[in-house]
Amino acid sequence: MTEHRLEDFETTLEEYWHGRPPSCLEDVMSLYGILTVAAEGGTVFKTPGVLDEYVDDGRLVTIHVDLTGNTYTYEGLSVDILREDHIPQLGYSAKSSGRGADYSLTEAGSNSGNDPSKLADTHLSRLRLWCHYDSVRAVTDDDGHADGWVVKALGEIFQKDSESIAHIGEDIETRLTGSDPTVLTVELTLDESDLVQDLGEGIVTAMPADLDVLRASMRRYSSANDANKNLNSSRTSEGQATGFVSNTDGRVVGTPESPLDTFSVKHPDVQPGLRRTASWRNYPIDETTAQLISKGTELIEQCVFRKGGMETYALPYFAGEITAEKAQYLYRAIQSLDPDDESTRTPMAMVTYDLQEHEDESVQALSDELRFHYVTLPISDDTHIIAESSSATTFWINRLSKTFVETTQGPTGDIHTGGFPASTNWSLLDTPKEIETARKSAFDKITNYTFIDATFARRDDIEDDFRRIATQRIFEGRPLAASVLFAEYVERIGDAYDGDAPPWQIPAMQFLQFEALSRADLVEGYTSQIEPHHSTMTQKITSTDIRTIRERRLESFLDRPMFSEADESDTETQETSERRAAFLSGAFIGQVSWFQENNRSIGRTLDTRTQADKLTPRVLKQTIQTALDKARIYASESEHERNLLYPEVADRLLEAMTQQPTAWELEKSELQFLVALGQSYGRRAMPVAFDIRDENEQRTQTASDDSAVTEQQV
């Protein structure tokens, strides 16, 4: 097999790379083509690496023809075992699809074996067709290649129904046995005086790789599809211009094959005014670059992540000068990806961490130069780009991963400080404890869309554009508007209503996300910070008294700028007071609802009648009053309660409500979200308090038992 030698990457880059750092999608795609060519050990128009699997196990059938004199004749065939030293002589060029006739005069049969009769029929007819393709014959025109007569002469020998082609077919069926993999080629005997190309003196023999005219014919044939794809018969889109990528003058084509179909005359309706046959003016790609882009298809497909109705290509490359060392590492990194891997790890995450954790320090040092060209498209026939970034780094993803872990492992994710506990099967609440593992997990969740999908409104696959755009903004470090986030949160909570209150985990994940985004400077249009004030609030609660536990947790949760005690004379702090009141109203409604369900066996609890996305200030005002009335009634009917249920919440709520909700200036979606967040908090207040009490009682009992054992030992 061909080795991926450093010198091959160096040679190929020198021959085909324009020398500039990649700056557009076509640059990156052509770079991937160069990587493929270097790895195969061939050239843009030759693909000798494809024949590696035939070596020593396949046979080489050579058709000998004599093109000297005035009569062109078939001179018999020879059969050999295909050896590695044969391959450079064959000038082989395969289609990337692997179907139909090859681009070169040399034809490769199936690598699983070829029956002689099929060779005589199918593959021999492909040689005949090759000599008569319009693109090949174009090289033989009057203004074409000076040795174009060679192709015409071959056309006479391989003429349909001619005696020579019939004779060749008979010899193949007679001489060959079995069904070994077979490569079919032609050796030509020529008079040097008939050639413009210098091949020596007198009568010479030449293989396909030796003749300029056959190489030119192969090259024109291989690029023919780039000039006439999706055009009517006999029409082409080609001309003379400066290549878009190569920046060199010459023949350009207007319908090049593109792995992403980001430019295609197939859908001119999305390109107003496009003249298909003049598309080379809109998108001038020289034929070499067109082939490079096509050859890079397999590597490009290694870098795609598909989810729902969208696919995101995260194409890695290195900024600055593209050296052979960078190219070799990049090829190996992409080749190591498994596009069929069913895990949620994205190609982007795997390449990033493979680079950062590489055992070679010189490779690790490339982390600073790692860039990605992101392209997000719908998985559909009508391909159009939803979001694109040409030189994104992992800086903002790493930053958000760090702040998300800090948030989940800080007060907001700690039940003792009023936070939200871990919850399996809820992606943003199910995070590893070890910091580095947690950051990797967060990186994966951001890049595979889970971070946004978990909290934003549900959408059909074909309407998934916005969530992908939001993820793209994170990649690029462009903040998301707080109002947009709240609107998405409220709609997502509303989606979860089915007659019962939505799962508490949804607002919890949203709040964790909002805090992490804020810490990473990825939220704009919000007047307050939302992270907690004091790291000391992470101290565990040791009390076994339920009321004390509830109050300590609530006090800790409220100890953050967005809920701080307000000075009514200040506009910003007035907003904070309203936010505090909105959250506390939700918390009180949630706690009363929990009491109704668990102590009164009421089916339709208070919070099921205050659906977040339908909530208005007037409804909230009425619901708060109802909750207070119910809390007084339930307390008066219980010998274990005071004059009001949950006074630690009610007292703070009444203090914060300097005005009724109908007079608040909070934006509607933020009000709705804060009430929903409060309801989720309130719903969990008693169950969490019970858990902490039981945990503390168990700890106290264990300590007491240990002390008793120690005393006995003494």
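Not measured: the values here are computed from a predicted model.
- Classification of the F420-F511 ring pair by plane angle, with boundaries at 30° and 60°, yields perpendicular.
- Using modelled atom types, one finds no donor on one side chain facing an acceptor on the other under 3.5 Å when comparing Y353 with D444.
- Ring pair Y489/F456 is perpendicular by interplanar angle, where above 60° counts as perpendicular and below 30° as parallel.
- Taking R560 as the reference, E515 meet the salt bridge (charged side-chain N to carboxylate O under 4.0 Å, His left out) condition, with sequence neighbours excluded.
- Taking the ring centroids of F404 and F451, they lie under the 6.0 Å cut-off.
- When only modelled atom types and interatomic distance are considered, Q302 and Y32 share no side-chain donor-acceptor pair under 3.5 Å.
- Classified by interplanar angle (parallel below 30°, tilted 30° to 60°, perpendicular above 60°), the ring pair Y646/F588 is perpendicular.
- A distance of 3.5 Å separates CG of L400 from CD1 of I446, quoted to the nearest 0.5 Å.
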I300 and T297: CA distance, side-chain angles, deciding distance, side-chain contact (heavy atoms from CB on, under 4.5 Å) verdict
CA-CA 5 Å; I300 290 168; T297 298; 5.7 Å; no
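- Between the side chain of Q510 and the backbone N or O of T455 there is at least one donor-acceptor pair closer than 3.5 Å.
- R519 and T407 form a side-chain donor-acceptor contact under 3.5 Å, judged by distance and modelled atom types alone.
- Between Q591 and Y681, the side chains place no donor N or O within less than 3.5 Å of an acceptor N or O (distance only, hydrogens not considered).
- Residue D453 is tested with R468, R459, K445, R458 for a side chain to side chain donor-acceptor pair (under 3.5 Å); the sole match is R468.
- T610 and Q679 share a side-chain donor-acceptor pair at under 3.5 Å.
- In the displayed structure, E531 atom CD is contacted under 6.0 Å by more than 12 heavy atoms of other residues, nucleotides or ligands.
- Scored by the side-chain contact (heavy atoms from CB on, under 4.5 Å) test, A392 finds Y374, S389 as partners (sequence neighbours excluded).
- E670 places no side-chain N or O within 3.5 Å of a backbone atom of S483 that could act as its donor or acceptor partner.
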